[in-house]
Amino acid sequence: MPAPDTAQTPTTALREQGQSLWLDYIRRSLMTSGQLQRLIEEDHLRGLTSNPSIFQKAIGGSDEYDDDIEALLEDTPDMEVGTLYEQIAVDDIQRAADVLRPVYDETGVDGVVSLEVSPHLAHDTEGTVEEARRLWAAVDRPNLMIKVPATDAGIPAIEQLISEGINVNVTLMFSLDHYEKVAHAYLRGLEKAEDPRGILSVASFFVSRVAREVDTRMQERGIDADIDGSDVAIANAKMAYNRFREIFHGEAFADLRDAGAEVQRPLWASTSTKDPTRSDVLYVETLIGPETVNTIPPATLDAFRDHGTVQGASVAQDVDAARAVLERLDALGIDLDDVTETLQSRGVEKFVAPFDDLMATLDEKKDAFLQSKADPVSFHLNGYEDRVVERLHTWQSEDFACRLWEHDPTLWADEDTPELTNRLGWLDLPESMQEPAEDLMDWAADQKDAFDDVVVLGMGGSSLSPDVYGHIFDAPEGYPSLSILDSTHPTAVQAKANALDLERTLFVVASKSGTTTETMSFYKYFYHRLAEHTDAPGDHFVAVTDPGSQLTQIAEERGFRRTFLAPSDVGGRYSALTPFGLVPAALMGIDLHKLLDAAWSASEASAFCVEAPNNAGLELGAILGELAEAGRDKVTFFTTPTLASFPAWQEQLIAESTGKDDTGIVPVADEPLGRPDQYGDDRVFVYFYLPDEQDRAVVETLDALDDAGHPVLSFRFDDRYDLAREMYRWEMGVAAAGAVLGIHPFNQPNVEAAKRLARQAMQSEDGTASGDTRTIAADDDGALDAMLSDWLDAGDASSYIGVQAYLPPSDATTEALHTLTRTLRDATGYATTLGYGPRFLHSTGQLHKGGPPNGLFLQLVDAPSDDVSVPETDYTFKELIAAQATGDYQALEEAERTVLRVRVDAANVDRVTQAVKRNAS
C-alpha cells in the first residue's frame with residue numbers, strides 16, 4: 001500500500017487542501033503488520049471506517065482470527081455468534097483507535113475509527129440508541145464513532161446520541177433532503193448536550209451509487225445525453241457541500257461555534273469508480289475541499305497515490321455548473337429524488353446482507369472449531385518445505401504483499417516494463433464488481449424468457465471462464481444453457497449451428513481487442529445466418545470488449561442488444577471476474593454476488609496487510625515457484641467429476657503467465673491418473689474436490705503418490721461457488737510464482753509468432769507461408785513409424801509432450817485422443833498434455849514456443865470434406881484452420897522445438913496410438 005515519502009505526493013497535497021483521508025477498511029492484520037502506522041506516516045491517513053464485508057471475508061478466507069475464536073469458544077462453547085462478533089470487532093476497533101490516537105490528540109477531529117450498529121436496527125430508533133450506547137462503552141475510546149444510518153428512525157437516534165456525547169458517523173445519505181435532516185439532527189443534539197465541545201460527527205454522502213443508478217436509468221430509457229451518472233453524482237455532492245457551508249458557516253451554527261462545537265464534516269463515501277471508461281480517481285479529484293473527509297478503499301488509495309492530481313478545492317468549484325447538471329437531469333425526465341430514496345432503501349438491504357453473511361461465516365467457523373473440521377486446503381510438500389518457508393520469509397522482509405497491491409513492477413522487472421502496472425486490475429475485482437454484478441443479474445433476468453441458449457463466441461480468456469461456469473454450474477429453471485464456440489474447424493462450426501434454434505439463441509461476442517480473427521469470423525457467420533430469419537439479427541448479439549475497441553463500433557452500427565465494457569487493465573487470462581466471465585455467468589442464472597463473495601474471501605486472505613507467511617496467494621506462489629525451480633515443473637491436475645472443466649482454465653493461467661524466456665510451469669489438465677511408478681520426479685499433483693463426489697480409488701492413489709514423495713496439494717470445495725475462491729487464489733499464486741522464476745507473468749511475447757505465420761499462410765497461394773511444413777499421413781505406417789521413433793528419441797527425463805489436435809471436437813474424438821495421450825505417457829513417462837486447435841493457441845501456445853525447450857509436439861491435422869464460408873471476408877473456415885495449424889507448426893520450428901505433424905481423420909486417431917505402441921515396445 002504505502003509509497004516512499006516524496007516532497008509532494010497527491011495525498012500530501014490533498015491534506016494541504018484541508019481534506020482528511022480515511023480508509024474504508026479494517027482488519028486485525030492492518031494493525032499487527034504495521035501497515036496502518038505506515039499509512040498514517042506516509043499517506044497522512046486520518047481515520048478508518050469498518051466494513052462488514054471486509055471483516056467477513058477476512059474471517060472466512062483466512063486464519064487471522066482463528067486463535068481468538070478458538071479461545072473464546074473454549075471458555076464459552078455456547079457463545080452466540082453475535083457476541084462472538086462483538087468480542088472480536090471491539091478488539092479490532094480498540095487496536096485501531098490506539099494506533100490512531102496520536103492523530104486524534106493532535107487534531108481533535110481526526111484519528112477516529114467507526115463501528116456500525118446492526119443494520120437490522122435501521123428502522124428501530126430505541127434499538128439503535130441502546131446498541132450504540134453499549135458499543136461506545138465496550139470500546140471505551142474517545143476516538144470512536146458509531147455508524148448510524150440516516151433513515152427516518154435513525155434521525156432521532158442521531159440527535160439523542162449526539163446529546164449524550166457519543167460521536168456519530170451518519171451513513172446512507174444520498175440527497176440534499178437526507179443531508180438537511182442529518183445536519184439539523186446534529187445541531188439539535190449539540191444544543192441538548194451539557195457541553196458540545198469534543199463531540200464529533202461526519203455526514204457520509206454516497207457518490208458512486210448515485211452515478212450507477214442514474215446511468216442505469218438513462219440506459220434503460222435510451223437516453224443519450226451530454227451528461228452522465230458521474231456528472232450527476234458529483235453535482236449532487238457539490239450541492240451538499242454548498243449547503244454544509246451555508247449551515248455551518250452561517251447563523252444556524254454561530255452560537256454553537258462560539259461554544260466550541262465542531263462542524264459536522266461531509267464525508268464522501270462510495271468513492272471508487274465502477275465504470276471502466278471513467279477515471280479510477282474521479283470521485284477523489286472532484287470532491288476535494290476543506291472540512292471534508294473522503295473514505296476510500298485500498299485500491300482507490302493506491303490509484304490516487306499513483307496518478308491522482310489535486311487542483312485546489314474542487315468540491316467548491318463550478319457550483320452553478322453543478323446546479324445546471326441537476327436541472328438538465330430533471331429535463332431528461334430522471335427524478336433525482338426517486339433515485340436517492342431508492343438508493344437509501346436499497347442501501348439498508350446492502351448493509352444487512354454482508355452483516356448477515358458475517359454472522360453466517362462466524363457460525364461456520366464456530367461449527368468448524370467445535371467439530372474439529374479439517375482445513376479445506378492441505379499442502380504435502382515432502383521435503384520442499386524449507387525452500388518455501390525461506391521464500392515466504394524473504395517476501396515478508398521485502399514487503400512483497402504490500403508492493404504487489406500497490407502495483408510495484410519491480411517485483412518482476414524494471415520500472416518501465418510494458419504490460420505490468422496496467423495489468424493488475426484483477427486484484428480488486430471481487431469487490432469492485434459487486435455493484436455492476438447487480439445490474440448484470442437484473443438485465444440477465446430480463447433476457448431469459450427470450451432465449452434457450454447462450455453461446456459465447458471467443459478465444460482464450462474470453463471463453464475459458466464461461467466454459468468452466470457452463471460445465472460446473474446448472475442453470476436454474478427458466479434460464480438458458482451456456483456453451484462456447486472456440487473451434488474454427490468447419491465441421492465444428494456447422495455442428496454448433498445445427499444444434500441451435502438460432503431464433504432462440506443469444507450470442508456473446510467476446511474479444512478484448514475487438515479484432516480477434518476467430519471471434520469475428522464466428523460473429524460474421526452467425527450474424528448472416530440470423531439475417532436469413534429476422535430483420536433484426538443484431539438483437540441476438542451482445543458484445544463484451546474493452547473500451548474503445550472496434551467491436552464497440554460494430555455493436556452500435558449493427559444494433560447489438562447491449563455492449564459490456566471490461567476494465568482494460570485486466571489481461572484475458574485474469575478476466576474470469578470481469579464482464580468476460582460474469583456476463584455469460586449471469587445469463588445462465590449464476591448468483592454473481594455469491595461468486596464474487598467467494599473470490600473476495602480469497603482476496604482478503606491475500607490482502608496487502610497480510611504478510612507473506614500467512615498470505616494464501618503468496619503461499620501458493622512460493623510453492624509453485626520453488627517446486628518449479630527444484631525441477632518439479634509439471635503441475636498435474638485431478639478433480640472430482642463436477643469440477644472436471646476447471647483445469648482447462650488453469651492451463652491458460654499457468655502456461656501463458658509462466659511459459660516464457662525458456663522457463664515456465666507446464667500445466668497437465670487431462671492426463672489420466674496413474675500409478676506412482678509411472679511418474680518422474682518432475683511432478684506436482686493438485687486435487688480439487690467436492691467431498692460428496694470423492695472416489696476412494698483416486699484418494700488412495702493420491703495418498704500413494706504422497707507416500708512416494710511427490711508433492712500433493714489438495715483443495716476442498718464446500719460448494720460450487722468456491723470455484724471463484726480458487727480462481728483468485730491461483731491468479732495471485734501464479735503471479736507470485738512469476739517472481740520466483742524471474743519472468744514477467746502478464747505478457748505473452750511468443751503468441752504473435754503463430755498469428756504472423758498464419759496470416760502469411762492465408763495470403764500465400766499454397767497455404768503454407770514460408771518454410772517447410774512436413775506432414776506424415778497416419779495410414780503410411782512405415783513413414784509414420786520412422787518419424788515417430790525419431791520424435792520420441794528427442795526427449796529426455798525433463799521433457800513433456802503436447803498433443804495438438806486441429807480436429808473437430810466431439811466426445812468420441814476426445815476419448816480417442818485421451819487414449820493416445822495415456823499411451824504416450826505410459827510409453828515415455830513424460831507428462832502429456834492435450835489441446836484442440838486453435839483453442840490451445842490462446843491457452844498453452846505461449847508455453848510451447850516460449851517455455852522450457854524440452855517439449856515434444858504432436859500436431860494432428862485433417863482434410864475437412866466440407867467447408868463454410870466466412871461472410872464479409874475472402875476466406876473460409878477450412879482455410880482459416882489450415883493456416884492456423886501451419887502457422888503454429890512453423891512458429892514451433894522457428895523456436896527450435898521438436899514437432900511432428902500427422903494428417904489423420906478424427907475417426908482414425910487410433911492409427912497414431914497404435915504407432916506409438918509399436919515404437920515404444
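Every heavy atom of this structure was used, including side-chain atoms; hydrogens, water molecules and symmetry mates were not. This one's a predicted model, so the numbers in the text were calculated from it and none came from an experiment.
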Minimal non-hydrogen separation, S483 against K496, with atom names: OG-NZ, 2.9 Å
Carboxylate-amine/guanidinium contact R212 E435, below 4.0 Å: no
D335/R217 ion pair, N-O < 4.0 Å: no
Closest contact, heavy atoms only, V348 versus H123: CG1-NE2, 4.1 Å
Heavy-atom pair with the smallest gap, counting every atom of T340 and S175: OG1-CB, 3.4 Å
Flag if over 12 foreign heavy atoms under 6.0 Å of CG, D152: no
Criterion ring pair (Phe, Tyr, Trp, His ring centres under 6.0 Å) on Y479 and F473, from CA distance to verdict: CA-CA 12 Å; Y479 278 86; F473 292 93; over 10 Å; no
Side-chain (Y721) to main-chain (D591) donor-acceptor, under 3.5 angstrom: yes
CG/N498: more than 12 non-hydrogen atoms of other groups inside 6.0 Å: yes
Distance in Å, L362 CG paired with D357 CG, rounded so as to fall on 0.5 Å steps: 11.5 Å
CG-CG distance between D569 and L424, expressed to the nearest 0.5 angstrom: 8.0 Å
Over all atoms of both residues, closest heavy-atom pair of T295 and A269: CG2-CA, 4.0 Å
No-hydrogen, no-angle side-chain donor-acceptor test under 3.5 Å, H178 and E341: yes
Pair E656-R573, salt bridge (Lys or Arg N to Asp or Glu O under 4.0 Å): steps then yes or no: CA-CA 8 Å; E656 206 163 76; R573 56 188 175 273; 3.0 Å; yes
Note, H593 side chain near Q434 side chain (heavy atom, < 4.5 Å): yes
Cation over ring face, R558 and F541, 6.0 Å, 45°: no
Pair T273-D280, side-chain donor/acceptor within less than 3.5 Å: no
Reported CE-to-CD distance for the pair M459 and E518, which is rounded to 0.5 angstrom: 4.5 Å
Cationic N near anionic O, under 4.0 Å, K274 to D215: no
Beyond-backbone contact of P567 with P579, side-chain heavy atoms, under 4.5 angstrom: yes
is_close_aromatic(F715, F646), centroid dist under 6.0 Å: no
Under 3.5 Å side-chain donor-acceptor pair for T151 and Q344: no
Side chain to side chain, S601 and Y728, heavy atoms closer than 4.5 Å: no
Within-4.5 Å side-chain heavy-atom neighbours: I54 and D24: no
Salt-bridge criterion met for E651 and R839 (N-O under 4.0 Å): no
Approximate separation, where rounding is to 0.5 Å, of T873 OG1 and Y525 OH: 13.0 Å
Cationic N near anionic O, under 4.0 Å, R729 to E726: yes
Q553 atom CD: more than 12 heavy-atom contacts under 6.0 Å: no
Distance-only side-chain donor-acceptor flag, T277 / D275, under 3.5 Å: yes
Sub-4.5 Å side-chain heavy-atom contact between S272 and D428: no
The single option from Y574, F580, W730 passing ring pair (Phe, Tyr, Trp, His ring centres under 6.0 Å) against W426: Y574
Criterion side-chain hydrogen bond (donor to acceptor under 3.5 Å, both in side chains) against S511, the qualifying member of D546, T517, T516: T516
Any F205 side-chain heavy atom under 4.5 Å of N236 side chain: yes
Neighbour count above 12 (heavy atom, 6.0 Å) for E693 CD: yes
Charged N-O contact under 4.0 Å between D439 and R562: yes
Check: M218 and D228 side chains under 4.5 Å, non-hydrogen atoms: no
Heavy-atom side-chain proximity of Y469 to I590 below 4.5 angstrom: yes
NZ/NE/NH1/NH2 to OD/OE distance under 4.0 Å, D597 and K57: yes
SB check E213 R346 (cutoff 4.0 Å): yes
